[in-house]
Amino acid sequence: MQKTDFLVIGSGIAGLTFALKMAKHFPEKKITVVTKASADETNTKYAQGGIAVVNDLENDSFQKHIEDTLIAGDGLCNRDVVEIVVKEGPERVNEIIEWGARFDKEEDGDYKRGKEGGHSQFRILHHKDITGWEIERALIDAVGKQKNIEFIKHCFVVDIITQHHLGFLITKSTTDTECYGVYVLNLKNNQIEKILADVTLLATGGNGQVYRTTTNPAIATGDGVAMVYRAKGKIENMEFIQFHPTALYEPGVRGQAFLITEAVRGDGGILRNKDGEAFMEKYDARKDLAPRDIVARAIDSEMKRTGTEHVYLDCRHFDKEKFIEHFPNIYKKCLSIGIDVMQHMIPVAPAAHYSCGGIKADEWGRTSIKKLYACGECASTGLHGANRLASNSLLEAVVFAHRCYLDSSSKMNEAVKRPQVPDWKAEGTTQPKEMILITQSLKELQQVMSDYVGIVRNDVRLQRASRRLDLLWEETEQLYQSTSVSPQLLELRNMITVGYLIVKGASFRKESRGLHYNTDYPGKSQLVQNIVL
Ligand SMILES: Cc1cc2nc3c(=O)[nH]c(=O)nc-3n(C[C@H](O)[C@H](O)[C@H](O)COP(=O)(O)OP(=O)(O)OC[C@H]3O[C@@H](n4cnc5c(N)ncnc54)[C@H](O)[C@@H]3O)c2cc1C
């Protein structure tokens, strides 16, 4: 068993920013960062486009960024939170620059600013087309210099510990549920251990792996959301899954797909169908730079109409040097599969990309469970509403990591009671004999979610998805009760829970809004509401 002052689950931009702030301001405190994979294997590492921030007040303004965010959010953003994130953003971005993150500059030393779908101004700071990699690198370097941060890798958080584990009945109506730390599966010795903490921050990232094709890496299995739901905490707006319109289409590739950033369309890339027609003007006046949901639905519709599995992104008219300078990674990746983007169009298709909903958190990152904070992609703060504006998520993560730090440090002097937490019970369980029971269920889950709960939904599809998830849930619970836990089984269990929450949210929302499009209810309801589960 370990004890720590501040426990951080997740080593992406949200978790590491919080850990660094705590460590720098409270050198006498111990901060423990836990991740289930290697240090940098996170959604953050794969972010390409950049971080949206207003730092050119001659051509841009907070008001414009706020309006762009509200328009994308389609009536569901919390305006106060949007103002907080946009206005506090520049200071937070300057901090990560001070910690070593480098963003591209013009020859005169001013920052290069990109533009993506839904933005009215050029305001996306970036590092070539590997912005997330650069931010993650800088954060890991900075964390490495803090002696009071313990970084535990390959350690899978199974559940958060609450009064439930002390034998008390906890329900959704319990108002004083408290988090004492977590149970972890130490992947080095396969033992379940306890880490107790005064404050716990969940920064567990997204859930794209619930779908067959996603831009998210294998770690993105929605563990934090599932843990909070099991602990009877509040989860919100799970139906709003953003599909990135342009993941590279490679026949036969499952799981993580390579992303072709929206910045390529920002620089002039044109979507064309199999007949070479530039089709976006049929769907939206903003053409290729319409918000992502509109572009993804337009591509879905063109694919269904023409019976193809992808459309094309045409960059043949680009200046080769400029393309390679801005998008070296994309250029290299395409070339590696035989596509010279100066001569051939890039085959692209939509893929699950970002979860707008998640663990309900207030404007200080506080969840409905005491001493438990959430920030980054796993949280639902009210910034994104029904649809995330491109490149607002890295910004949200740094602003809320700071707010979680402020709020939790203000409570540091409160008396902490550390209860006697029992050890994990694993009696009567055996090693799983057949991995196929887990891998096949995962395939089924991803198939059901992609086919019935994807870009376009309707009631019949949602009902079917719900019935199939019930069966998968029942079978997986039997396995969970009778075998010893493995990361694969834990992730499957979490992903089924997340799938269930997405289907539930989608079924309750009897309208089409933002990323949720139901052909049975094509219009918007008058009642503007968040769906809390
Ligand atoms: C391909 C791609 C491109 C993107 N481009 C952009 C962009 O240009 N701009 C932008 O703003 N956003 C972008 N995004 C979104 C953005 O990258 C993410 O929303 C953001 O990085 C999430 O950061 P995070 O810290 O919340 O989570 P992550 O960076 O995903 O980190 C999650 C961490 O939690 C850990 N974890 C999860 N579960 C457990 C568990 N059970 N036990 C222990 N550890 C666990 C993981 O191992 C990982 O360390 C992109 C995302 C992708 C996938």
Side-chain angles (χ1 to χ4, degrees), residues 66-82 117-118 206-208 210-211 222 225 229 234-245 282-286 290-301 304 350 352-361 379-390 392-393 448-469 498-533:
I66 290 168
E67 286 309 319
D68 292 346
T69 304
L70 292 173
I71 290 169
D74 208 6
L76 264 195
C77 298
N78 177 331
R79 194 184 176 107
D80 293 343
V81 169
V82 176
N207 57 34
V210 167
Y211 287 88
V225 168
Y229 186 70
K234 289 189 178 144
I235 308 293
E236 177 179 76
N237 289 349
M238 290 297 288
E239 64 278 22
F240 297 119
I241 300 292
Q242 185 169 71
F243 285 79
H244 197 288
K282 284 194 301 196
Y283 295 90
D284 196 280
R286 290 162 287 186
R292 283 182 186 173
D293 56 322
I294 295 174
V295 181
R297 271 204 300 280
I299 295 177
D300 191 61
S301 153
K304 293 215 165 88
H353 185 56
Y354 185 82
S355 172
C356 293
I359 303 160
K360 190 170 168 49
S380 174
T381 62
L383 173 71
H384 307 303
N387 189 6
R388 173 188 71 131
L389 182 67
N392 261 359
S393 38
V448 166
M449 292 302 292
S450 299
D451 292 344
Y452 295 145
V453 206
I455 296 172
V456 176
R457 301 156 181 181
N458 63 39
D459 282 356
V460 174
R461 291 185 194 179
L462 292 174
Q463 282 155 15
R464 280 194 172 200
S466 177
R467 281 201 292 271
R468 278 147 182 80
L469 289 190
V498 168
Y500 162 83
L501 291 168
I502 296 171
V503 172
K504 259 272 180 294
S507 306
F508 281 140
R509 190 167 288 287
K510 302 288 184 206
E511 62 168 348
S512 291
R513 183 185 294 277
L515 298 163
H516 172 70
Y517 188 73
N518 184 327
T519 52
D520 292 329
Y521 314 96
K524 282 193 189 46
S525 140
Q526 293 302 309
L527 191 64
V528 182
Q529 58 175 351
N530 294 310
I531 292 181
V532 181
L533 299 166

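Note that the structure is a prediction, hence the values are computed from the model and not measured.
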Open item on the list: Can you tell me how far apart SG (C356) and CG (L515) are? Round to the nearest 0.5 Å.
Closed with: 5.0 Å
Task: Separation of D520 CG from R461 CZ (nearest 0.5 Å) - done: 9.5 Å
TODO: For residues I359 and K234, determine if any side-chain heavy atom of one lies less than 4.5 Å from a side-chain heavy atom of the other.
DONE: no
Open item on the list: Using every non-hydrogen atom in the two residues, find where V503 and A465 come nearest and quote the distance to one decimal.
Closed with: CG2-CB, 4.1 Å
Could you pull out all donor-acceptor pairs under 3.5 Å where a side-chain atom in residues 526-533 meets a protein atom, sequence neighbours excluded?
from: N530; atom 1: OD1; to: N237; atom 2: ND2; distance (Å): 2.9

Open item on the list: Walk me through whether N518 and N458 qualify under side chain to side chain donor-acceptor pair (under 3.5 Å).
Closed with: CA-CA 5 Å; N518 184 327; N458 63 39; over 6 Å; no
Open item on the list: Looking at every non-hydrogen atom in both residues, tell me the closest pair between V81 and G382 and how far apart they are.
Closed with: CG1-C, 4.1 Å
Open item on the list: Is it the case that the side chain of S301 and the backbone of R297 share a donor-acceptor pair, with hydrogens and angles ignored and the cut-off at 3.5 Å?
Closed with: no
Open item on the list: Are Y354 and F243, when compared by the centres of their aromatic rings, separated by less than 6.0 Å?
Closed with: no
Task: Side-chain heavy-atom pair N207, I241 within 4.5 angstrom cut-off - done: yes
Task: Main-chain N/O of H353 paired to Y211 side chain as donor or acceptor, under 3.5 Å - done: no
Task: Any R292 side-chain heavy atom under 4.5 Å of R388 side chain - done: yes
Open item on the list: Checking the side chain of K510 only, and the main-chain atoms of S507 only, is there a donor and an acceptor separated by less than 3.5 Å?
Closed with: yes
- [ ] Decide side chain to side chain donor-acceptor pair (under 3.5 Å) for Q242 and D293; before the verdict, give the C-alpha distance in whole Å, the side-chain angles of both, and the deciding distance to 0.1 Å.
- [x] CA-CA 7 Å; Q242 185 169 71; D293 56 322; over 6 Å; no
Open item on the list: Return the CG to SG distance between N392 and C77, rounded to the nearest 0.5 Å.
Closed with: 9.0 Å
Task: Straight-line distance of N78 CG to L70 CG, nearest 0.5 Å - done: 9.5 Å
Task: Minimum heavy-atom distance G358-S380, with the two atoms named - done: N-CB, 3.5 Å
Open item on the list: Is any side-chain heavy atom of Y452 closer than 4.5 Å to one of R468?
Closed with: yes
TODO: Quick one: closest heavy-atom pair of P245 and V295, and the distance?
DONE: CB-CG1, 3.6 Å
Open item on the list: Would you compute the distance between atom CZ of R509 and atom CE of M238 and round it to the nearest 0.5 angstrom?
Closed with: 13.0 Å
Open item on the list: Just verifying a value: how many Å separate L383 CG and R79 CZ, rounded to the nearest 0.5 Å?
Closed with: 12.5 Å
TODO: Would you check, one step at a time, whether the test salt bridge (charged side-chain N to carboxylate O under 4.0 Å, His left out) holds for E511 with R457?
DONE: CA-CA 11 Å; E511 62 168 348; R457 301 156 181 181; over 6 Å; no
- [ ] Provide the closest heavy-atom pair for A72 versus N387 in the form atom of the first, atom of the second, distance.
- [x] O-CB, 3.0 Å
Open item on the list: Strictly distance-based, threshold 3.5 Å: is any side-chain N or O of S512 a donor or acceptor partner for the main-chain N or O of Y521?
Closed with: yes
TODO: Flag the pair R464 / D451 as yes when at least one side-chain heavy-atom distance between them is below 4.5 Å, and no otherwise.
DONE: no
Task: Heavy-atom pair with the smallest gap, counting every atom of A386 and L76 - done: N-CB, 3.7 Å
Task: Under the ring pair (Phe, Tyr, Trp, His ring centres under 6.0 Å) test, residues paired with H516 that sit two or more places apart - done: none
Open item on the list: Would the distance check show the side chain of T69 and the main-chain N or O of V82 forming a donor-acceptor pair, the cut-off being under 3.5 Å?
Closed with: no
